[in-house]
2 protein chains.
Amino acid sequence: MSTAQGARARARIEVTAAIKDEARRQLAAEGAAKLSLRAVARELGMVSSALYRYFPSRDDLLTALIIDAYDSLGEEAESAHAEVAAAGPRERWITVCVAARRWALAHPHEYALIYGSPVPGYTAPQETVPAASRVGVLLIGVVRDAYGGKGVARTPLPAEMKTEAQRMSAELAPDLPPEVIVALVASWAQLYGLIGFELFGQFNRVVEDREPFFRHAVGRLAHDVGLVYPEQAATAGGPPSP
Amino acid sequence: MSTAQGARARARIEVTAAIKDEARRQLAAEGAAKLSLRAVARELGMVSSALYRYFPSRDDLLTALIIDAYDSLGEEAESAHAEVAAAGPRERWITVCVAARRWALAHPHEYALIYGSPVPGYTAPQETVPAASRVGVLLIGVVRDAYGGKGVARTPLPAEMKTEAQRMSAELAPDLPPEVIVALVASWAQLYGLIGFELFGQFNRVVEDREPFFRHAVGRLAHDVGLVYPEQAATAGGPPSP
DNA sequence: CAAAAACGAGAGCGCTGCTCTTGCGCTGGA
DNA sequence: TCCAGCGCAAGAGCAGCGCTCTCGTTTTTG
């Protein structure tokens with residue numbers, strides 16, 4: 001058996017986790033740029049050079065934090081989705097989006113690490129991909145369920161997009177029509193535009209009451225990908241207002 | 001007269017500009033995090049402490065670059081818009097969006113500086129606001145022209161958004177209906193979501209042929225704010241495809 | 001013309017990421 | 001069971017960073 005290798009291996013795992021924890025603490029407190037290997041080592045009572053036995057460079061430590069952040073976000077979105085799994089697709093879509101926003105507001109520096117400008121001169125390595133796509137996979141699933149074979153007709157694509165749309169469809173979800181995939185990917189990017197603008201201060205003095213605004217906006221995104229209201233026509237009846 | 005103060009003042013202006021130019025060069029080459037005061041001074045043949053006579057800190061230099069970047073983006077968008085000033089609002093909208101994307105792709109690090117995660121621990125000072133709002137003002141203008149008093153009915157707002165929508169409308173464009181302002185602000189944020197995802201590599205292996213995708217997506221944004229096609233119904237006629 | 005302000009140069013402080021060497025203790029194979 | 005070898009912590013050190021302070025010199029100003 002390869003588990004329980006020995007005290008040595010177990011200690012290594014524990015120290016590695018302790019480093020990541022302390023690093024995450026500093027990341028949350030001060031942001032990625034002020035995250036310092038020396039400070040992490042200092043806080044853990046070890047000398048800075050010892051830390052390089054666990055992470056060969058600062059970038060490698062950041063990469064580990066990035067993967068964890070993607071996973072944390074994905075988990076939040078998935079568990080929020082699980083709680084409304086029985087609801088209609090539109091509500092499930094909005095729930096996932098709201099969960100993503102909630103996570104971002106709770107972990108601004110980690111959000112900045114993964115969806116803001118990548119840390120200077122740094123390009124995300126391949127091993128982040130699976131963790132990074134969890135929210136996307138969730139959104140695809142919601143739309144897939146909504147379309148259950150019916151293939152609701154959507155906004156037709158311009159001619160010069162047809163082949164690319166078919167490639168995207170084949171790559172991401174062959175069972176969904178290309179128009180839907182295109183709308184889905186665009187909505188996916190736009191979701192993070194909404195979150196980023198709020199988080200990075202672009203909405204200051206522009207949008208004040210942000211949660212209803214966000215819900216409304218992602219509701220329109222849901223509509224864009226073809227997720228309609230539970231009761232199709234009951235959308236025009238709002239209470240009167242001056 | 002206060003102009004032509006003397007050789008001293010003129011020299012100061014020139015040196016300040018030279019510092020900004022060299023800093024911009026390093027920013028474009030290596031990104032904001034690798035921008036070093038000492039390296040800028042070195043390249044200019046001065047000692048690093050002398051540079052502090054012109055910019056009291058690294059953040060102040062970055063702030064100057066941020067304002068310049070906003071202005072550069074705003075100028076690109078405005079001149080692109082000027083060239084299609086006579087066209088329909090939908091085409092003008094798309095033109096402005098395409099110009100913003102083009103600028104972002106040409107100046108990725110400057111884009112990251114203003115729309116990515118703000119440089120660690122850094123909050124944009126108030127003096128960046130006018131430069132930052134140039135693209136937004138442009139988009140508002142396009143929509144305003146399209147609505148020329150007619151007030152096309154749009155998606156009704158949920159009850160809990162009415163007061164906020166009215167506040168936003170009063171603040172940004174009192175002559176436009178609140179529903180339109182809400183859609184406009186959301187589209188504004190979503191536009192930068194599309195650009196950011198492409199620029200920061202989130203579209204890698206997802207969207208390959210990006211320009212048509214972008215045009216299509218911002219076309220839908222135009223639709224969201226109520227800008228319709230020139231010939232209202234001629235949208236469904238695409239060439240056949242397998 | 002003299003006082004004052006602006007400026008360039010240099011030294012220095014404390015911090016960073018990272019490397020290299022040294023010595024200790026656990027661990028796996030003979 | 002022994003012991004060679006590897007993993008590990010520690011320390012010193014290097015080059016770079018932002019920033020401060022001092023000290024002559026030059027320019028502007030009253």
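So that the names make sense, note that chain A is the first sequence line, chain B the second, and so on, each numbered from 1.
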(request) Would you mind telling me which of E171(A), E164(A), Q166(A) makes a side-chain contact (heavy atoms from CB on, under 4.5 Å) with M168(A)? (result)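 With M168(A) as partner, side-chain contact (heavy atoms from CB on, under 4.5 Å) holds for just one option, E164(A).
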
(message) Among L227(B), V143(B), L139(B), V225(B), exactly one meets side-chain contact (heavy atoms from CB on, under 4.5 Å) together with S187(B). Which residue is that?
(response)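 Considering L227(B), V143(B), L139(B), V225(B), a side-chain contact (heavy atoms from CB on, under 4.5 Å) with S187(B) is found only for V225(B).
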
Rounded to whole angstrom units, what separation is found between the [atom1] atom of [X] and the [atom2] atom of [N]?
X      : N       : atom1 : atom2 : value
R53(A) : dC6(D)  : CZ    : C1'   : 10 Å
D60(B) : dC19(D) : CG    : P     : 9 Å
L51(A) : dT16(C) : CG    : C1'   : 14 Å
E43(A) : dT16(C) : CD    : C1'   : 17 Å
R58(A) : dC15(C) : CZ    : C1'   : 13 Å
M46(B) : dC7(C)  : CE    : P     : 11 Å
K34(A) : dT16(C) : NZ    : P     : 11 Å
Y52(A) : dG11(D) : OH    : P     : 17 Å

(request) Could you tell me which non-hydrogen atom of V135(B) sits nearest to which non-hydrogen atom of G74(B), and how far apart they are? (result)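 What the structure gives for the nearest pair is CG2-CA, 4.3 Å.
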
Contact class for [X] (heavy atom, under 4.0 Å): base, sugar-phosphate, or nothing?
X      : value
Y54(A) : sugar-phosphate
L35(A) : sugar-phosphate
S57(B) : sugar-phosphate
S49(A) : base

Of the listed nucleotides ([options]), which one gets closest to any side-chain atom of [X]?
X      : options                  : value
R12(A) : dG17(C), dC8(D), dC19(D) : dC8(D)
R38(A) : dC20(C), dG17(C), dC7(C) : dG17(C)
R8(B)  : dG16(D), dT26(D), dA9(D) : dT26(D)

(request) Determine whether F213(B) and V185(A) make a side-chain contact, defined as any pair of heavy atoms from C-beta on separated by less than 4.5 Å. (result)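 Side-chain contact under 4.5 Å: yes.
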
(request) May I ask you to say whether E14(A) pairs ionically with R10(A), meaning some side-chain N is under 4.0 Å from a carboxylate O? (result) no

